[in-house]
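Working notes for the structure below.
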Amino acid sequence: SDYSREPPRHPCLKINAKEPFNAEPTRSALISSYVTPVDFFYKRNHGPIPVMDDIERYSISLCGLVENSQELFMKDIWKLPKYTVTATLQCAGNRRTAMSKSRTVRGVGWDIAAIGNAVWGGAKLADVLRLVGIPYLTSITQSGGKHVEFVSIDKCKEEKGGPYKASIPLSQATNPEADVLLAYEMNGEPLNRDHGYPLRVVVPGVIGARSVKWLDSINIIAEECQGFFMQKDYKMFPPTVNWDNINWSTRRAQMDFPVQSAICSLEDVSVVKHGKITIKGYAVSGGGRGIERVDVSIDGGKTWVEATRYQRSGIPYIADDSSSDRWAWVFFEAEANIPQSAEIVAKAVDIAANVQPESIDSIWNLRGILNTSWHRVQVRVGQ
Ligand code: MTE
Ligand code: MO
């Protein structure tokens, strides 16, 4: 593989793997703004970043189980109504490093910042599919198409040098309310190379792995995508499954992510000054489920106080309110007087009353995905 034409990256990113490039911002950079600046947005790749310099000639093909296959150029995509959707993208491997400390897992290590919130601009996939004759809210086409497969331009070793790919159900793809985008903008700027230039998929509320970057084609297919990342990765296994007894076909390809939160204003171990400290972080749930509550504890989870929640600062967040961003994280904040030393914990509850699990061991899995256990940090008062 050829890593000689990688784009420039911000020097503040913490690099978890160089080739393919995998990096995340620091905790404090992550919560410095509700909309994550592109430079600080985590970068998760499985191969070299494709070089795409002739945008005039760039096109995606739409084919498979459809009446009229079509080649779509950027000008065709730009012509469709443009939507901006504020959506949080989270890698299923977020917080993997902590899980691997409980028991070894396989995969790139991540702290708590394999997540970011961006304003994505582009066409709705539902509108693109309508162009090829698939109406809104279709779950099966006349020719039996039930899934929408996204195939990329990049090449990765897991696919034996083939492209990265994934699929989502047709019913979700054709539902305008699901807000699945073919995005060409991120935070008001054209996508940059790291994030999928010129065109990527954004599937709100779903693990990042399904938001395929550098889109090359869209296929309407009868069965779920058979690619590596759908069938042999990004599946949640019980703690008993190991690399000797794993049977990939027994589990579903992970789609929605579960309720998650993490404290970003403190490191794993911090020394703080005597007095009040501010405990601040993010909370988010998958499937468009809003955050009902975030609880914070300074005694390791014995007693709790409720944190305040907001998205754009100054406006209290209310889940399900028309003024809140449905697919986006919320920031939480609480103040506390810390005794000599303390274990600070956060846990979020979503609107379906799903709660983060207390322990890592109860959700440990060999690939180290979906670590949503209570986030704990240690503080000690010093001068
Ligand atoms: N798309 C392609 N073509 N190649 C990839 O390696 N990685 C996926 C997804 N889409 C990937 C991809 C994963 S696992 C995640 S978490 C997100 O992209 C990361 O998106 P980002 O780098 O824009 O943050
Ligand atoms: Mo990911």
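Remember, it's 1-based here, ligands and their atoms both numbered in the order they're listed. Keep in mind that what you see is a predicted model, and the values were worked out from it rather than measured. Just the heavy atoms: all of them, side chains too, but no hydrogens, waters or symmetry mates, feed the values below.
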Exercise for review: Establish, from distance only, whether the side-chain atoms of Gln260 and Arg95 form a donor-acceptor pair under 3.5 Å.
Suggested key: yes
Donor + acceptor pair across side chains of His195, Lys43 (<3.5 Å):
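Their side chains do contain a donor-acceptor pair, which is all the 3.5 Å distance test asks for.
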So that I know where these two stand, are Tyr164 and Phe229 an aromatic pair - ring centroids less than 6.0 Å apart? yes
Heavy-atom contacts under 4.0 Å to ligand 1, chain-then-number order, include exactly Phe41, Tyr42, Lys43, Arg44, Asn45, His46, Leu89, Cys91, Ser152, Asp154, Tyr164, His195, Arg200, Gly208, Ala209, Ser211, Val212, Lys213, Trp214, Tyr234
Arg367 to Phe237, cation-pi by 6.0 Å centre distance and 45° axis angle =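 So Arg367 doesn't make the cation-pi contact.
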- request: Cation-pi check, Arg309 to Phe331: give yes when NZ or CZ is under 6.0 Å from the six-membered ring centre and within 45° of the ring axis, no otherwise.
  value: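 Verdict for Phe331: no cation-pi partner in Arg309.
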Between the CD1 atom in Ile112 and the CD atom in Glu24, the distance rounded to the nearest 0.5 Å is 8.5 Å
